[in-house]
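Input: a single structure, listed below in structure tokens.
Numbering of residues begins at 1 and proceeds along the displayed sequence.
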Amino acid sequence: MELVGVPGHLRVLAESVVAEAEKDPRVIAVVAGGSVASGTSDEDSDLDLVIVCTPDGQPELLADADGFAGRVGPLLAAFTGEHVGEPRLLIALFGPPLAHVDLKFVTPDGLRERVEDGLVLWQRDDAVDRVHRESAAEWPRPDAQWIEDRFWVWAHYVAVKIARGELFEAIDGLGMIRAAAIAPLAGIGRTTRPAGVRRLETLAPELVPALQATVATADPADCLRALKASVDVYRTVRERVQVVRRTAAEEAVVDFLG
């Protein structure tokens with residue numbers, strides 16, 4: 001079978017998943033998401049697959065997700081996605097050659113709540129097409145007010161960690177601020193699929209020098225410098241949206257930073 005849109009290094013695995021699905025009456029469709037669905041895949045892409053299951057068959061397939069993965073290729077390691085709030089997800093590493101594959105086992109009803117339609121690689125009796133006709137995909141959008149309501153609390157938290165000498169915690173906090181506050185606002189109007197800091201260099205190239213300044217080493221003075229730079233970048237990208245500014249919190253935190 002020819003799976004158009006799947007990059008070459010993942011095509012054998014994708015074809016094997018479809019072949020295994022065709023043999024299993026509990027599986028009614030295989031849908032590719034991520035970069036394959038958006039047409040942006042390359043030689044470094046992962047393979048994100050939704051395995052659409054019958055309602056009765058899904059519990060068994062989930063319980064044997066490792067077994068399903070092991071039947072489609074040379075499985076090196078796998079674990080479920082509770083750490084990202086998605087127990088229906090199996091995250092797998094195959095190889096050699098090394099390939100990262102996500103397998104998400106959902107029912108047709110579960111497919112109704114989705115962030116993208118995906119690329120249908122195989123289906124029985126138009127099962128996925130029917131769901132797509134009856135519901136719409138919705139990619140999560142940044143909420144600028146939600147971010148503003150939290151930003152100054154986050155900035156103070158990082159400042160206190162720096163003061164305590166908890167530098168690696170501060171560095172993690174700076175990364176979170178970039179991903180949860182700066183990147184979403186910077187991407188508004190520039191992408192329909194915001195995903196944290198992914199591809200931020202391409203989406204907002206004019207911000208790259210300022211963003212580089214938000215990256216810190218494990219040194220108190222450098223962490224504080226990076227935090228102040230993060231505040232500056234946040235204020236810049238905040239100009240692109242309409243929010244009720246938490247001015248009192250902003251002034252107090254900026255004064256605290258010195």
Start with the C-alpha gap between Val101 and Asp46, add the side-chain angles, then the distance that decides, and say whether side-chain contact (heavy atoms from CB on, under 4.5 Å) holds.
CA-CA 6 Å; Val101 180; Asp46 300 336; over 6 Å; no
Working for side chain to side chain donor-acceptor pair (under 3.5 Å), residues Tyr234 and Glu250
CA-CA 11 Å; Tyr234 174 73; Glu250 179 174 357; over 6 Å; no
For side-chain contact (heavy atoms from CB on, under 4.5 Å), just list the numbers for Leu121 and Leu49, CA-CA rounded to whole Å, side-chain angles, deciding distance to a tenth of an Å, and then say yes or no.
CA-CA 9 Å; Leu121 303 183; Leu49 297 178; 3.9 Å; yes
Stepwise side-chain contact (heavy atoms from CB on, under 4.5 Å) check, Leu257 with Leu227:
CA-CA 9 Å; Leu257 296 181; Leu227 178 55; 3.6 Å; yes
Run the side-chain contact (heavy atoms from CB on, under 4.5 Å) check on Val160 and His156 step by step: do they pass?
CA-CA 6 Å; Val160 170; His156 176 257; 3.5 Å; yes
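A pairwise comparison of heavy atoms in Gln58 and Thr107 identifies OE1-CG2, 3.5 Å as the closest pair. Of all heavy-atom pairs spanning Gly95 and Leu76, the tightest one is O-CD2, 3.5 Å. Considering every non-hydrogen atom in both Ala216 and Cys223, the closest pair reads CB-CA, 3.8 Å. For the residue pair Arg238 and Leu185, the shortest heavy atom distance occurs at CA-CD1, 4.1 Å.
At distances below 3.5 Å, not a single donor-acceptor pair connects side-chain atoms of Glu116 with backbone N or O atoms of Ala137. Side-chain atoms of Arg240 come within 3.5 Å of backbone atoms of Ile188 as a donor-acceptor pair (strictly under, hydrogens ignored). Using modelled atom types, no side-chain atom of Gln123 and backbone atom of Ile28 make a donor-acceptor pair closer than 3.5 Å. Between the Arg11 side chain and the Val6 main chain, a donor and an acceptor come within less than 3.5 Å of each other. At least one donor-acceptor pair under 3.5 Å links the side chain of Asp222 to the backbone N or O of Thr217. A donor-acceptor contact shorter than 3.5 Å links the side chain of Trp139 to the backbone of Pro194. In terms of modelled atom types and a separation under 3.5 Å, the side chain of His9 and the main chain of Glu43 share a donor-acceptor contact.
Ring planes of Phe68 and Phe105: perpendicular class, angle over 60° (limits at 30 and 60°).
Under a cut-off of 6.0 angstrom, the local environment of CD in Glu206 is crowded, with over 12 non-hydrogen atoms contributed by other residues, nucleotides or ligands. Atom CZ of Arg198 sits in a sparse spot, with 12 or fewer heavy atoms from other residues, nucleotides or ligands closer than 6.0 Å. The 12-atom threshold is not exceeded at CD of Gln242, counting heavy atoms of other residues, nucleotides or ligands nearer than 6.0 Å.
The pair Asp126-Arg133 fails the salt-bridge criterion, with no side-chain N (NZ, NE, NH1 or NH2) lying under 4.0 Å from an Asp/Glu carboxylate O. Ion pairing between Lys161 and Glu169 fails under the 4.0 Å rule for side-chain N and carboxylate O. A salt bridge links Arg245 with Glu239: at least one charged nitrogen is closer than 4.0 Å to a carboxylate oxygen. Ion pairing between a basic and an acidic side chain is recognised when a charged N comes within 4.0 Å of a carboxylate O; Arg88 and Glu82 show no such pairing.
There is a side-chain donor-acceptor pair under 3.5 Å between Ser135 and Arg114. Looking at Thr214 and Ser230, their side chains never bring a donor and an acceptor atom within 3.5 Å of each other.
Under the 4.5 Å side-chain criterion, counting only non-hydrogen atoms from C-beta, Ile177 is in contact with Phe151. In this structure, Lys23 and Val18 have side chains that are not in contact, with every pair of non-hydrogen atoms separated by 4.5 Å or more. Residues Val27 and Val52 are not in side-chain contact: their nearest non-hydrogen atoms beyond the backbone lie 4.5 Å or more apart. In this structure, the side chains of Leu119 and Val31 stay at 4.5 Å or more apart for every pair of heavy atoms. You'll find the side chain of Val233 stays beyond 4.5 Å of the side chain of Arg178, heavy atoms only. Side-chain contact between Phe94 and Val72: present, with at least one pair of heavy atoms (C-beta onward) separated by less than 4.5 Å. With contacts defined as side-chain heavy-atom distances shorter than 4.5 Å, the pair Leu98/Leu93 qualifies. Side chains of Glu20 and Glu15 form no contact here, defined as non-hydrogen atoms less than 4.5 Å apart.
Note: the hydrophobic cluster containing Leu211 does not contain Ile171 (ILVMFWY, side chain heavy atoms under 4.5 Å, direct or indirect links). The same ILVMFWY cluster, assembled from side-chain heavy atoms under 4.5 Å apart, contains both Leu224 and Val254. If you chain together hydrophobic residues whose side chains sit under 4.5 Å apart, Leu90 and Leu75 fall into the same group. Both Trp154 and Val237 sit in one connected hydrophobic cluster of ILVMFWY residues. Membership requires side-chain heavy atoms under 4.5 Å apart, directly or through other members. Under a hydrophobic clustering in which Ile, Leu, Val, Met, Phe, Trp and Tyr are joined whenever their side-chain heavy atoms come within less than 4.5 Å, directly or via other members, Leu203 and Ile182 fall into different clusters.
We find the CG-CG distance between Leu167 and Asp219 to be 7.5 Å, quoted to the nearest 0.5 Å. If you take CG on Leu10 and OG on Ser45, they are separated by 7.0 Å, rounding to the nearest 0.5 Å. From Lys104, atom NZ reaches atom CG of Asp48 across 10.0 Å, with rounding to the nearest 0.5 Å. Asp56 contributes atom CG, which lies 11.5 Å from atom CZ of Arg26 (distance to the nearest 0.5 angstrom). To the nearest 0.5 Å, atoms CG (Leu103) and OG1 (Thr80) are separated by 12.5 Å. One distance of note links CD1 of Ile51 with CG of Leu61; it measures 9.0 Å at 0.5 Å rounding.
In the hydrophobic clustering (ILVMFWY side chains linked at under 4.5 Å, chained through shared members), Val153 stands by itself.
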